[in-house]
Structures are given as C-alpha cells and as structure tokens.
Amino acid sequence: MKTTRNEKAKLSLVLSRVLAYGFIVFLCFLCLFCFILLVLMASKSNSQLQGAFSLRWGGNFLTNLKNAWNDASINIPRGMVNSFIVAMTSAVITTYFSALTAYGVHVYNFKGKNFVFTFIMAIMVIPSQVSAVGFIQLAYKFGLTNKLWLLIVPGIAAPVVFFYMKQYLESVLPLDMVEAARMDGSNEFRIFNEIVLPIMKPAVAVQMIFSFVSSWNNFFMPALLLTKEQYKTVPIMIAQLRSADYSKFDMGKVFMFILLAILPVMIVYMFLSRFIIKGVTSGSVKG
Amino acid sequence: MKKFLCALLALIMVLSLAACGSGSNEPASTAEPASTAEPASTEESSEGKVFHIYAWNEEFKGFFEKYYTVPEGIEVVWTIVPNEGTQYQDALDLALLNQESASDDDKVDMFLAEADYILKYTNSEYTQDIKALGVTNFSNTYKYTVEAASDANGVVKGVSFQCCPAGMIYRRSIALDVLGTDDPAEVQAAVADWAKYNEVAEKVHAKGYLMTASYAEYYRVFSNNTSSPWVDASGNVQIDPAIQAWMDQAEKFVNNGYTLTSGVWDAETTEQAAKDGKAFCFFGPAWYYNFCMGPAFGEDAVKAGTDSVGDWGLCEGPQAFFWGGTWLLAATGSDNPTMLADVMDTFINDEEVCTNLIKNEAQFTNNQAVNNKFAADPEFGNPYLGGQNDTAIFAEGAKNIKFQNQTIYDQGCNEGLQNAFAEYLKGAVSKDEAMSNFYKALKEKYPAITVPEA
Amino acid sequence: MSEVTLKNVKKIYPFTEARKDQKTDAHRIAHLQITDEGVIAVQEFSLDIADKEFIVLVGPSGCGKSTTLRMIAGLEEISSGELYIDGEYMNDVAPKDRDIAMVFQSYALYPHMTVYDNMAYSLKIKRTPKKEIDRKVREAAEILDITQYLQRKPKALSGGQRQRVAIGRAIVRDPKVLLMDEPLSNLDAKLRNQMRAELIKLRKRINTTFIYVTHDQTEAMTLGDRIVVMKDGFIQQIGTPQEVYDHPSNLFVSGFIGTPQMNYFDARLEKEGGNYVVKVKDYKVVLDDEKQARLAAKGVEPCDVTLGVRPDNMVLGEGGIKGRVEVSELMGPSCHLHLDIDGKDAIAIVPTEGKAKDYTNMDVSLTFTGSVCHLFSKEDEHNLEF
C-alpha cells in the first residue's frame with residue numbers, strides 16, 4: 001500500500017518535472033529561434049535567400065563576412081565604433097543624470113518640488129518623435145549636423161528613465177541612510193556617488209541596457225543628423241545596404257551585418273546583467 | 001500658487017518661442033549677403049568649390065565616379081541617406097528647407113529621385129528649370145523621362161540617366177510546349193493584347209503550368225497605362241478602368257489557378273523561376289533578372305544546377321510599361337549651375353558615357369541613338385535569354401511608355417490596393433471588405449483626399 | 001569637553017509640504033498644538049547637557065523626542081531657539097560639520113560596503129591616514145566584539161550584529177556627541193536586555209556625551225544620568241531617574257515612568273488638626289512629614305485630588321481600601337494582584353515570602369503609608385507638592 005502511494009507520488013513528480021522542463025525548453029527555443037535563424041540567414045548567398053525558405057546551412061558564412069567587412073561603400077568597423085561611442089556615452093549619461101534627478105526629487109524638499117515632478121511627467125507624455133522633429137530642424141538651422149554629441153546630449157533628459165529611477169529609489173533607499181551619510185560627514189554630491197549610486201546599481205544596469213539598446217538601434221535621428229560617411233552609425237549602414245541598387249544588392253551581406261550589429265548589444269547585456277541582482281539593499285535597514 | 005505656475009508656463013513658452021524665432025532668423029540673415037544673387041545668373045567665376053549630391057544609394061555615385069570628369073578645383077560631396085521608410089525624403093526635405101541659410105559648401109546642388117515621389121519635387125520651388133541652366137538637347141531622350149521630370153507647367157527640372165522600360169520575360173521551354181514556338185516575335189504576337197494574353201493563359205493552365213507566379217506580377221503594366229489619375233483635381237479617389245481590369249483579371253487568374261496568391265517579392269514567386277519552376281512569364285525591366293530572379297540566374301543556382309539560364313526570352317508584352325529609374329534633379333539655390341548643367345547633359349547626350357553605361361554596367365540609357373546602335377548589333381546578346389538581344393525589345397517598348405496621370409498619392413494607392421486586394425484573393429476578406437480596407441488605409445495616409453463612402 | 005545647550009528650541013512644521021511621514025500620522029498631529037504657522041512638534045525646549053552626561057529623552061510616540069534629537073544632529077532645521085555645542089552656536093552648521101555621530105533606529109548601514117568600510121567611511125571622508133583608520137576601526141570592533149565580521153556585508157549579519165556595527169560606525173570617530181534614536185527597538189526582548197547592558201558598559205569605555213531617545217521607560221531608567229520626559233512637544237520633567245520615579249511632576253509622568261503602572265484613586269485632601277490627610281472613601285492616611293511640609297509651604301487648601309500609589313507600595317492589611325482580586329499572577333518573589341476596586345482596575349504587588357498563595361477571587365483590603373502617596377490636582381494634573 002505504502003509503496004504504491006510512493007510510486008504514484010514519484011510518478012506525478014516526474015511528470016510535472018517533465019512538463020515544467022519541457023515548457024522551459026520550448027520557451028528557450030522560442031527565444032533562440034530568431035537568433036539561430038539570423039545565423040542561418042547570414043550563411044546564405046543572395047540568390048539562396050531569394051529562393052524558397054529553408055533551414056539548411058547556406059555555406060556562405062565566411063564569404064558574407066568577408067563581403068560585409070570589406071564592403072567598399074560602407075565601413076562596418078567605423079560604424080560599430082560610432083554606434084558604440086554614441087550608445088555607450090548616452091547610456092551612461094542618461095542613467096547617471098536621470099538617477100541624479102530622481103535622487104534630487106526624492107530626497108530633498110524644496111518649493112515647487114511637486115511642480116517639477118509633474119512637469120517631468122508631462123514631458124513623458126509627449127511622443128519622442130514630436131520633439132525629435134523640432135530638435136532636428138533646430139540642428140539643421142544651426143548647421144549642427146554630423147556631430148556625434150548631438151545624439152548623446154539630448155539623452156540627458158529622459159523622463160521615463162527618471163521615473164523608473166525614482167520608483168526604484170522610493171522602494172529601496174531609506175532616507176535614514178542618506179542622513180547617516182550626512183552624519184558621517186559626507187557632502188551631498190559624494191553621498192549620491194558613493195552611497196546612493198551603488199545601491200541603485202540594478203536599476204542603473206537595467207536602464208543602461210535599455211538605453212544602450214535603443215540608442216544602438218536608433219535610426220530615425222541619426223539618419224537625419226549624420227550624413228557624412230565617417231559619422232554613420234550601424235542602423236544607417238544596414239539601411240544603406242538594404243537600399244543598394246540591384247547590381248550591388250546582397251541580402252546575405254545584410255543579414256551578416258545585422259548579426260555583427262547585435263553582437264555588441266549581447267556583450268553589453270551580458271556585462272551589465274551581473275548587476276541585476278535582487279535584494280542588494282537587504283540588510284541595510286532593519287531585520 | 002496655481003496662478004504662479006500658469007504665469008511661469010506662459011513665460012517659458014514665450015521664451016522658447018523667442019529662442020526658436022531668433023534661431024531661425026539669425027542664420028538666415030547672416031547668410032543673406034552670400035545668396036542674394038540668383039543662382040542661375042551667377043557668373044561662372046563665382047561658382048562654389050563643392051558639388052553636393054544627395055542620393056539614397058551608391059548606384060549613380062559609381063557611374064559618376066567612373067565616367068564623369070569633375071572640373072578642376074571642385075570637390076564632389078555625396079550625402080547618402082538610405083531609403084528606409086521615408087528617411088531619404090525626410091533628410092532631403094530638411095536640407096532643401098535650409099538651403100537658403102546653408103553655407104555655400106553645404107548647399108545641395110543636385111539630388112536623385114525616383115518615379116514614385118518625383119512629382120513632389122518637380123512641382124515644388126526646390127527644383128529649378130534646367131533649360132535655363134543650359135540643358136537644352138532632349139532630342140535623344142525618351143519622352144516619358146522628360147515628362148516625369150517636368151512640373152505641371154511643362155518646365156523641365158531634371159533628367160533621367162537611366163531608362164527602365166520593361167517587358168514580358170517568358171520561359172522558352174513552356175512557350176515551345178504550349179505555343180509551339182519560342183521566337184520572341186511570335187510569342188509577342190500571341191500575347192499582343194490582354195484578350196490574347198488571357199487565351200494563352202488558358203492554354204498554359206491546360207498544360208499544367210502557371211501563367212504567372214504572382215497575382216500582382218503585371219500590376220504595373222496596367223497602372224502605367226491608366227487614362228485617369230488616382231486622385232482627381234477635387235481630391236476624389238477614383239478607380240481607373242485599367243485598374244479595374246487588373247482586379248478582374250487577377251481575380252479570374254487566381255480563381256482559375258492560373259497564378260499564385262503570393263506577392264511579387266515572395267520566395268514562392270521567385271522560386272517559380274528556377275529550373276523546375278512552373279511559371280510561364282514574369283514582367284520586368286532589365287534589372288529584374290538579377291534582382292528578382294535569383295533562383296533562375298544566381299551563381300549558387302548555377303553551381304547547384306537548379307538554374308534556368310538560357311531558358312528565357314523577352315518580348316514587349318500586351319502593353320508597354322516602365323519600372324524604376326532614377327532622375328537627377330537640379331536643386332534651387334545651387335552654387336554650381338554650370339557643373340550641374342554639364343552633369344545632366346553628359347548623362348543624356350554624351351555618346352561615350354552612354355556607351356560605357358550599356359557595355360560595362362548593363363544599363364539601358366536615356367539616349368535613343370546609343371541604345372538603338374546596340375539594339376541593332378547582332379553580337380550584343382544576353383546569356384540569360386539564350387543570347388537574345390533584349391536591348392532591341394526594350395528600345396522598342398521605351399518609345400511607347402507613358403508618364404501621365406501621375407499624382408503624389410500614387411505610391412500609397414498602388415501599394416495599398418495590391419495589399420488590400422491580395423487579402424481578398426487569399427480569401428481572408430470579402431471583396432467589399434477589401435475595398436473598404438483599402439480606402440480606410442488610404443484616408444489614414446492622406447487625410448486630405450476624399451474616398452468613396454463604404 | 002562637549003556640553004550641549006538648548007535654549008527655547010522650537011520646531012514648527014509648516015502646513016504646506018510637511019514631511020510625508022508626518023502627514024500620514026494624522027492622529028499624532030492631533031495632540032500637538034496647531035497655530036497659524038503650522039504644527040508645533042517641539043515647544044520651548046531648554047536643556048543644559050553636561051560633558052559626558054548620558055541624557056535620555058523619553059516619551060510616547062509623537063512627543064517630539066526624535067525631532068529634538070534630529071535638530072541637535074542638524075537633520076532638522078531649528079524653527080526658533082538656539083543650540084550650542086561647547087558654547088558654539090550651531091543652528092546654521094551643516095550636520096557634517098557638527099562632529100556629532102548618530103545611531104539610527106533602522107541602523108542605516110551602507111548595504112554595498114563591508115562592515116569595515118561602513119565603519120571607516122566617516123574617517124575616509126576626513127582623509128584620515130589609512131593606518132589610523134585601520135587602528136580606529138579595529139579598536140571599535142574590539143569594543144563591540146565584531147572583529148570577526150569586519151569583512152562581511154551587512155546582509156550577512158544578524159539584527160544584533162548590525163546594531164553593533166551601527167554603533168561602531170558612530171563611535172569610531174570619537175564624536176563630541178553621540179546621538180541614539182531608539183537603537184534597540186528593532187531587537188527582540190532578550191537581545192534588547194543584553195544590548196542595554198552592553199550600552200552601559202560601552203558608556204564607561206567611551207568618554208563622550210550621549211543623547212539617547214527611547215519610548216521605553218525601562219531603558220530610560222537604566223541608562224540615563226538624567227531623563228527628560230516629553231509629551232506633545234512639551235518637556236514634562238527633567239531629573240535623575242530616581243527623582244522622576246519618586247517625585248513625578250504630574251499625572252502623566254507618574255503613569256509613564258514605572259511598571260506596572262501607578263494606581264489612581266479619587267480621593268479628598270483634607271486638613272485635620274493642622275495635618276494633611278488623604279481620604280479614599282473610608283480609608284484615611286496621614287501624610288508623612290516631608291509631604292506635610294511641602295504642602296504647607298505651598299499653602300494647599302483641602303480639595304478633591306487624584307491619589308497615586310505605586311503597586312509595590314500597596315500592602316495587604318486590615319481596614320484599607322477594599323477590592324476583589326480578579327487575576328493573581330505569581331512572579332516568583334512576588335505576586336501581582338489585578339484588582340477590581342469599585343469598578344476600577346488596580347494592581348498590587350505583594351511578597352510571597354516563600355509561600356505560593358492563590359488570591360484569585362478573594363476580597364482583600366489594601367493599605368499604604370503616608371510616604372508613598374502622590375497627590376495630583378484634579379484641575380491641571382500637576383503634583384500638588386511642587
């Protein structure tokens with residue numbers, strides 16, 4: 001009697017495990033499928049890509065890599081460097097200044113604080129495209145095209161990131177800790193840099209990934225602001241490959257470039273995800 | 001407190017307006033002295049040192065660098081903005097908008113445009129009359145290319161350096177099987193008009209082949225030959241009889257199994273051009289071989305033995321039409337009018353350049369004399385087509401191409417209709433629904449126009 | 001030398017943009033005085049704290065004790081009044097320049113730093129030489145017995161250990177004044193008793209002025225050289241623990257200090273033959289000479305009073321106040337009797353003297369002597385003796 005019950009329990013445990021793992025494997029496959037597909041596509045020649053869809057290895061991976069890397073009209077390494085400069089600096093600037101603003105609004109009491117908060121939130125409601133159009137026109141008026149910092153500096157004002165940071169601060173930063181640092185003799189700026197910022201690491205990492213990716217993938221603004229070859233970023237170059245004329249058009253090259261283009265994003269993600277650890281502050285206050 | 005906030009907001013707005021105002025005024029006023037003189041009347045000696053060209057890809061840049069000799073002391077600057085969405089036009093619009101205030105070296109001198117949106121520029125003040133600049137010899141160009149580059153009053157604003165007449169690319173083996181001949185002239189006679197074309201379709205179907213691989217394969221043949229514009233003078237959308245004819249024919253072809261419901265660019269369609277493909281004909285210009293028929297002519301296909309090189313012939317088809325082509329437009333405010341005129345003149349009238357374009361670049365030029373020379377040359381043949389001289393067919397067709405009834409809404413109308421109608425052909429929606437979807441989408445894209453009530 | 005002097009210090013929270021935590025605790029504000037300027041959290045607080053003194057601010061929550069502490073720390077602005085530390089005017093000095101350390105109720109350790117770095121942080125800011133830092137941190141760790149945890153992060157410590165780190169962080173830099181804001185309230189009862197004892201030991205080793213805030217009267221009584229009892233922003237009494245216990249200045253202090261709480265009876269103060277006597281119903285007690293003298297000096301007239309007697313001063317005896325024992329708790333050396341006296345609750349502590357006896361449901365009579373009576377005015381609740 002007992003053994004059968006045991007066996008039954010064991011069986012149901014095994015069954016539920018199989019189901020759970022099966023589901024996880026399925027999800028894993030879904031996530032990886034696009035990536036695998038991209039690698040496969042990058043291994044095919046243009047005419048193979050025009051033909052019927054197949055999951056077979058195309059065998060032109062290295063040829064495509066060589067073609068893409070040595071393309072006469074676009075300079076992929078240059079584009080990667082440009083994109084990296086823009087994406088990395090704007091990610092750093094965006095998160096740092098948003099965190100700083102969030103800290104200021106969260107910790108200090110000052111006249112018009114509620115107004116400031118409401119005002120920033122109101123900006124969040126305005127679609128970025130709307131302000132982008134105005135910004136681009138202004139840039140053209142002042143003749144400020146083909147400057148990488150043009151893409152970086154506006155990132156300082158990121159209401160959404162600010163909002164996220166503020167929410168995070170509210171949930172994670174006890175005001176006691178700020179006061180403790182004050183009592184320890186730290187000045188306000190130092191408190192932010194040495195005490196608050198490390199506590200915000202997970203939020204900073206999340207937002208850095210987000211803003212890095214969105215900046216890395218941004219096409220609209222750069223395409224209008226960067227017209228000189230030496231400043232072009234990766235998305236512009238991909239689009240350029242895609243709109244090549246028929247004698248030079250090579251879809252294999254495009255896929256290869258896309259593959260190359262997502263690698264830095266993956267590296268940045270892997271690097272930053274280390275910081276996204278839950279409960280960094282546990283133990284700072286109370287039991 | 002609230003009042004204070006309101007006042008503050010108002011103040012900020014006023015300040016920002018003022019800032020914008022001064023921002024827009026200042027550069028304009030400082031740049032004023034430099035651009036007071038009309039560009040067209042500027043003397044040669046005072047011309048700019050930088051020739052600035054806007055384009056969306058490198059095709060023309062390649063030809064330009066190979067075959068055009070840039071005058072001494074002038075630097076050519078290319079701004080290549082890829083044509084993703086409307087990005088190229090957006091960037092170009094911005095540059096043209098700021099043309100006046102831009103420094104001489106930054107001024108756009110010439111820009112490239114496609115047939116889909118050329119009207120937007122020719123009908124605007126951002127392009128200038130090239131006859132006034134000195135481009136006057138249009139004797140060898142095809143009429144439609146000049147019509148396309150002219151504004152509503154017939155003022156020519158640019159030229160096309162290439163011409164894209166299209167024809168019917170048919171499969172010789174199927175032609176032999178069905179019609180008993182693969183000779184271009186005889187096949188042309190069999191499909192000389194749409195009625196005959198439909199008869200052939202029936203025969204092709206009876207033998208177990210497909211007439212075309214896509215329901216939309218010959219849409220452009222109809223849309224190039226409409227008798228009325230998509231949108232009339234008072235802004236009403238109208239379906240031209242030619243468009244209606246295409247809809248009826250596509251419906252019939254799909255229902256009878258003469259064609260597939262896949263789009264022109266779909267893999268199912270292009271796959272039908274391979275060795276064991278079943279499609280009898282494709283419609284397209286010279287660039288169609290490489291661009292759309294990879295499985296038929298691609299290197300890998302040849303390597304793998306699945307190609308169909310040589311099994312194809314070209315004839316004019318039921319009606320003449322063109323597909324593609326790039327125009328060079330002269331930007332208002334150019335500081336290099338002499339070079340601008342010279343570039344345009346060279347690419348339509350210079351025999352050597354045009355000969356090189358045909359011989360080395362497989363282009364079909366906008367110079368009838370040169371084209372005809374090659375058309376008559378028995379040595380000049382296309383291996384894809386079993387050695388047939390396609391230039392001869394294209395040269396004949398190009399004369400009959402019309403560029404009329406164009407509107408700035410054409411791209412949206414043409415693509416919208418094909419997409420909406422495809423849904424019906426695939427059985428996803430009813431015909432009425434398809435049409436009302438088409439109108440709805442159109443209204444969203446162009447709020448200014450009037451669509452028929454559902 | 002670190003004397004702290006507060007002169008008429010006052011804290012007013014303006015109505016608009018009051019601190020969030022105050023807003024949410026509306027009922028706390030309800031007891032405080034509200035004027036046109038705002039809610040007054042601390043009223044006219046004057047106190048001279050001598051060097052190396054251990055002062056405890058005690059009172060129920062919302063009495064203003066924490067606010068006072070935060071004003072001394074500089075975390076809260078002083079609305080009016082003056083604060084001097086070692087004779088220096090401190091009102092406008094930033095917290096970081098006051099040379100004051102503070103231990104927070106929530107410990108407020110820096111979670112991303114090790115215990116060592118937590119303790120060293122204030123010294124690093126002062127650019128103390130590395131060796132010096134190391135020596136001081138280890139010394140403080142030694143005192144607090146946390147040397148073995150120096151390389152751990154706060155989250156790997158227990159509540160008591162965190163508390164020690166928080167104290168260590170405060171003492172490591174030899175501050176002029178050490179402020180403690182309810183440092184033991186997050187610990188469980190046993191640990192709290194233990195830490196309390198350690199604080200007493202610590203105090204002997206560190207020569208500094210302590211200002212300690214608590215709502216726990218036991219902590220106040222055991223730790224303080226002097227205690228300051230506060231209520232609704234007002235100081236109720238300042239004195240040594242014994243003074244406050246023996247001579248509470250008013251009804252509130254008498255009830256707040258001492259556990260179990262003092263028993264109260266409605267009574268009548270009368271004069272019989274030149275002597276003051278207290279009558280509770282039929283029971284009559286003649287006050288002792290000391291009280292007689294004080295009352296006479298004040299010229300107190302016979303009147304209705306609230307009589308307070310501490311439970312341990314109640315004695316079982318004949319002819320006293322009659323009541324019925326509802327619950328009898330045996331505590332070992334003594335027995336706590338929860339009584340019903342004419343519908344009012346009272347507690348008496350009687351010695352067991354080695355023999356356990358169950359008093360439940362017994363009718364008893366309680367007496368007390370004239371020296372343990374506390375007389376409070378019915379009108380303003382103040383102690384009639386003062």
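Numbered from 1 within each chain, the chains take letters A, B, ... in sequence-line order. Side-chain atoms are counted along with the backbone in the values below, which use heavy atoms only and exclude waters and symmetry mates.
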Turns out that what part of L97(B) lies under 4.5 Å from chain A's heavy atoms comes down to side chain
Minimum side-chain heavy-atom gap L94(B)-Q137(A) below 4.5 Å | yes
So how far is it from Q87(B) CD to F219(A) CZ, rounded to the nearest 0.5 Å?
-> 4.0 Å
Can you name the closest pair of heavy atoms from P82(B) and I236(A) and give their distance?
-> CG-O, 3.3 Å
State whether the side chain of N83(B) and the backbone N or O of S243(A) hold a donor-acceptor pair below 3.5 Å, judged by distance alone.
-> no
Residue by residue, which of residues 224-234 of chain A have a heavy atom closer than 4.5 Å to a heavy atom belonging to chain B?
-> L224(A), T227(A), E229(A), K232(A)
Might you confirm whether atom OH of Y67(B) has over 12 heavy atoms from other residues, nucleotides or ligands at distances under 6.0 Å?
-> yes
Tell me, yes or no, whether the heavy-atom count around K61(B) atom NZ, taken from other residues, nucleotides or ligands under 6.0 Å, exceeds 12.
-> yes
Contact class of F60(B) relative to chain A, heavy atoms under 4.5 angstrom | neither
Might you work through the side-chain contact (heavy atoms from CB on, under 4.5 Å) test for N57(B) and Q240(A), ending with a clear yes or no?
-> CA-CA 6 Å; N57(B) 66 20; Q240(A) 208 159 319; over 6 Å; no
Residue F135(A) excluded, over 12 heavy atoms near CZ under 6.0 Å | yes
If you count heavy-atom pairs under 4.5 Å with chain A, which of V77(B), T269(B), L92(B), T79(B) comes out on top?
-> T79(B)
What is the distance from atom OH of Y140(A) to atom CG of D106(B), rounded to the nearest 0.5 Å?
-> 10.0 Å
